[in-house]
> 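Dropping a structure here in structure tokens format, bear with me for questions.
Values reported hereafter were calculated over all heavy atoms of this structure, with side chains retained and with hydrogens, waters and symmetry mates removed. Worth saying up front: this structure is predicted, and the values here are computed from it rather than measured.
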Amino acid sequence: MRLLVSLLVADATWLSALTDAPWTYLVLGASAIITEELAPIFGGIAVHEKELRLAPLLVSITVGGWLATTLLYAVGRLKWDTIRRRFPRTRATGTVALRVVRRNPWTASFLVRFAFGLRLVLPMACGAARVPLLVYLPVSLIGSALWTALFSAVGYAAGEAAVQAIGHLGKAGEVVGAISVTVALLAFVRWQRRRQERKASRQATQRHAEDGPPAG
């Protein structure tokens, strides 16, 4: 990503290479899951420079990102256990994501495009948690639309200065992702501890009831 940003900063003539043709919007939409914020920000810059139109840009990137997360949802629903076995390093993150989804399916579905560092794991966790399609599809579409509009607005408002600023998003995304995972892990540990305490309390109460009152 940073190499691409460096090239774009060095040579801003990339704007003139864009054409208001269907393939341009298709490429931006299809690449959104890989290029992340770059697609809508660069699209917003191009709209500002009147090289592209706003409505097709928003639709293409929204739908492209949404379809990608829907595919990840399907993968998680069908192959979650296989993925965890094949990629052991993802187990901890996947477990936390799964717990978060089960506790907040609506919020998790909405944030699949915003989750820095978890954009692959979170939609798969939604599938593994069996979030109903009637919930996941419309809510994730709304989230994708808001995400696209937000970063397209950044590109439109900032113009070509956004190209220089986006170089910092890669590192910022890693930091935000790491913080998110850490917070989720701490919340999970705290929840586990409270569950164990409640379980121990119930067992103690049950043993006391079984022992019965002391003989008079």
Side-chain angles (χ1 to χ4, degrees), residues 20 22-47 52-84 90 93-157 166 169 172-173 176-177 179-181 183-184 187-188 191:
D20 185 22
W23 70 265
T24 302
Y25 300 104
L26 287 174
V27 169
L28 285 172
S31 64
I33 194 67
I34 300 173
T35 58
E36 300 178 349
E37 288 80 12
L38 290 176
I41 288 182
F42 290 166
I45 296 172
V47 170
L52 297 178
R53 289 172 293 140
L54 180 61
L57 174 77
L58 294 178
V59 171
S60 63
I61 296 179
T62 295
V63 174
W66 177 66
L67 289 176
T69 57
T70 301
L71 178 61
L72 291 170
Y73 169 94
V75 171
R77 187 156 187 158
L78 298 174
K79 299 292 184 181
W80 180 256
D81 291 335
T82 302
I83 293 171
R84 283 168 58 85
T90 65
T93 304
T95 299
V96 172
L98 196 59
R99 297 288 186 183
V100 170
V101 171
R102 285 174 173 167
R103 295 175 64 183
N104 303 283
W106 287 75
T107 302
S109 299
F110 179 78
L111 293 177
V112 290
R113 294 300 289 129
F114 290 91
F116 290 101
L118 296 173
R119 285 177 178 156
L120 297 179
V121 175
L122 189 57
M124 287 193 290
C126 288
R130 296 295 194 271
V131 174
L133 282 173
L134 291 178
V135 172
Y136 182 80
L137 292 179
V139 174
S140 62
L141 178 59
I142 294 171
S144 181
L146 182 60
W147 178 86
T148 301
L150 174 63
F151 285 101
S152 296
V154 170
Y156 186 88
I166 193 62
L169 280 180
V176 172
I179 293 174
S180 301
V181 172
V183 171
F188 176 66
W191 175 78

> For residues L98 and A128, report the shortest heavy-atom separation together with the two atoms involved.
CD1-CB, 3.8 Å
> How about Y73 and V112: do any of their side-chain heavy atoms sit closer than 4.5 Å?
no
> Looking at T70 and W66, would you say the former's side chain and the latter's main chain have a donor-acceptor pair under 3.5 Å?
yes
> To the nearest 0.5 Å, how far apart are CG in L120 and OG1 in T69?
11.0 Å
> Could you give me the CA-CA distance, side-chain angles and deciding distance for F151 and I61, then say whether side-chain contact (heavy atoms from CB on, under 4.5 Å) is met?
CA-CA 11 Å; F151 285 101; I61 296 179; over 6 Å; no
> Looking only at heavy atoms, which two atoms of S144 and T62 are closest? And how far apart?
OG-O, 2.8 Å
> Contact between Y136 and P105 at the side-chain level, heavy atoms closer than 4.5 Å - yes or no?
no
> Testing the basics here: between R102 and A129, what is the closest heavy-atom pair and its distance to 0.1 Å?
CG-CB, 3.9 Å
> Measure the spacing between CD1 of I45 and CG of L38 and express it to the nearest 0.5 Å.
9.5 Å
> So S152 and V47, do their side chains get closer than 4.5 Å, heavy atoms only?
no
> With a 4.5 Å cut-off on side-chain heavy atoms, are Y25 and V59 touching?
no
> Just how far is it from atom CD1 of I33 to atom CG of L72, taken to the nearest 0.5 Å?
6.0 Å
> Testing the basics here: between L58 and A149, what is the closest heavy-atom pair and its distance to 0.1 Å?
CD2-CA, 4.0 Å
> Looking at E36 and W147, what are the two nearest heavy atoms and their distance?
O-CH2, 3.4 Å
> Working to the nearest 0.5 angstrom, can you tell me the gap between L137 CG and I142 CD1?
11.5 Å
> Hey, does the side chain of R77 reach the backbone of R130 with a donor-acceptor pair shorter than 3.5 angstrom?
no
> Verify, without hydrogens or angle tests, whether S109 (side chain) and S140 (backbone) share a donor-acceptor contact under 3.5 angstrom.
no
> Using the rule given for ring pair (Phe, Tyr, Trp, His ring centres under 6.0 Å), can you reason through F110 versus W106, listing the C-alpha separation, both sets of side-chain angles and the distance that settles it, and then say yes or no?
CA-CA 6 Å; F110 179 78; W106 287 75; over 10 Å; no
> At what distance, to the nearest 0.5 angstrom, does OG1 of T24 lie from CG of L57?
10.5 Å
> Can you tell me how far OG1 of T148 sits from CD of E37, rounded to the nearest 0.5 angstrom?
10.5 Å
> Would a 4.5 Å heavy-atom cut-off, applied to side chains only, mark V131 and V139 as touching?
no
